[in-house]
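Each ligand, and each atom within it, is numbered from 1 in the order the structure gives. Reckoned from all heavy atoms, side chains included, excluding hydrogens, waters and symmetry mates. The chain is numbered in sequence order, starting from 1.
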Amino acid sequence: MILVSNATLLDPATGDLTEDASVLVEGERIREVSARPIRVGDALTLDAGGRTVMPGLIDCHVHVFLSEVNIRALEAMPLTLMTARGAALMRAMLDRGFTTVRDTGGADWGIREGVAQGYLPGPRLFIAGRPIGQTSGHSDSRRRTDAGAPCHTCNALAFTMGIADGVDEVRRAVREQLRQGADHIKIMVSGGVASPHDPLESLQYTTDEIRAAVEEAAVFGKYVCAHAYAAEAVARAVECGVRVIEHGNLIDAPTAKLMADRGAFLVPTLVAYDGIARHGGRWGMGAESLEKNKVVMASGLRSLELARAAGVRMAFGSDLLGQLQPDQSKEFAIRSQVLSALEIIRSATVVGAELLGQTGELGVVAPGALADLLVVDGNPLRDLTLLQGQGEHLSLIMKAGALYRNRLPVA
Ligand SMILES: [Zn+2]
């Protein structure tokens, strides 16, 4: 058992701070949370010295295997190197306090199990397997001279991307991801930044194809999330039963209202555009992509305002490719231009857990929950920069009851 004592407990659901709190962890779960000292004989007792204890962070949009800003460079990468680089990226996420991440395309059940079984340090993964999109769409970054059907085990680009056309192929592709243990299904329903050939405003997949994906996912009790920018693309997806919209930069007020009415989540990823604008060219991103990035970046903050006004639940996302991933926690700073610190912390804890179907398990410090804990050197509600950088201000990082980092003294 591990006891964290003398802490200030931050409840992201309410914003309440409780001083002199204690959290007792047994095995991988929280056993007791108290506003008074807890007395146990045989626990390792750590003195938080009044620092803030809060749930581990959840990033609902990452790509642990997309380790190149220029996606097509993955074509020259073998799966072994892809995995090794992914391991380094995941360790860095855990260093920043992200104990859970949702991979929205690329990561497979093997890497999820590798982390779960303790072979690699990293956040708990929820995976989509291959993101599924149409020929010419956002998951099709092939060279124009490459008309071949990919060997999915020959290189990292083919391993991490899925292409399916027509209702039957979409059904088959979704069923295949489900067979491979996907936690959710990712489809591409509009143009994107990283894919060079598709116009941003293109509506990808017919409504029949989108409905087929939603129907097949539901058979396994899973949900569909969709990459979408334009308001029309978002609205079509939500009307077809898509539960989570990724990015959504170009939404308008009626679309935000539709999302709220249908209970859809939004996962904005504003830091990705900031990173691409500043460093995308240096890492080989092409001119077409850099142009598209300007368009979605310009409307990023506005989409947060529209979503908030409509009451859409927003989770924290970053979507940083490869070399840009050290900026992951800068998403806190960007969102703070229009959202409060509490709203942002909530997005990265309770809302993320809700999106993942893990309410009560993750994103909360409560008895029975998985023991994912951070001890922060100060109050992040007052100073959000404490959650930024590379985790410098985190004195303790615990995932499922295991101490990944501890700088607190033993009491
Ligand atoms: Zn993404």
Using 2.8 Å as a strict upper limit, say whether an N, O or S atom of His61 approaches the Zn ion (ligand 1) that closely. yes
If you measure only the distance, is there a donor-acceptor pair under 3.5 Å linking the side chains of Gln328 and Asp59? yes
Can an N, O or S atom be found in His227 less than 2.8 Å away from the Zn ion (ligand 1)? no
If only side-chain N and O atoms count, and only distance matters, is there a donor-acceptor pair under 3.5 Å linking Thr207 with Arg236? no
The Zn ion (ligand 1) is nearest to which N, O or S atom of Asp319? OD1
In this structure, are over 12 heavy atoms from other groups packed under 6.0 Å from Arg302 atom CZ? no
Do Asp377 and His393 have a side chain donor and acceptor closer than 3.5 Å? no
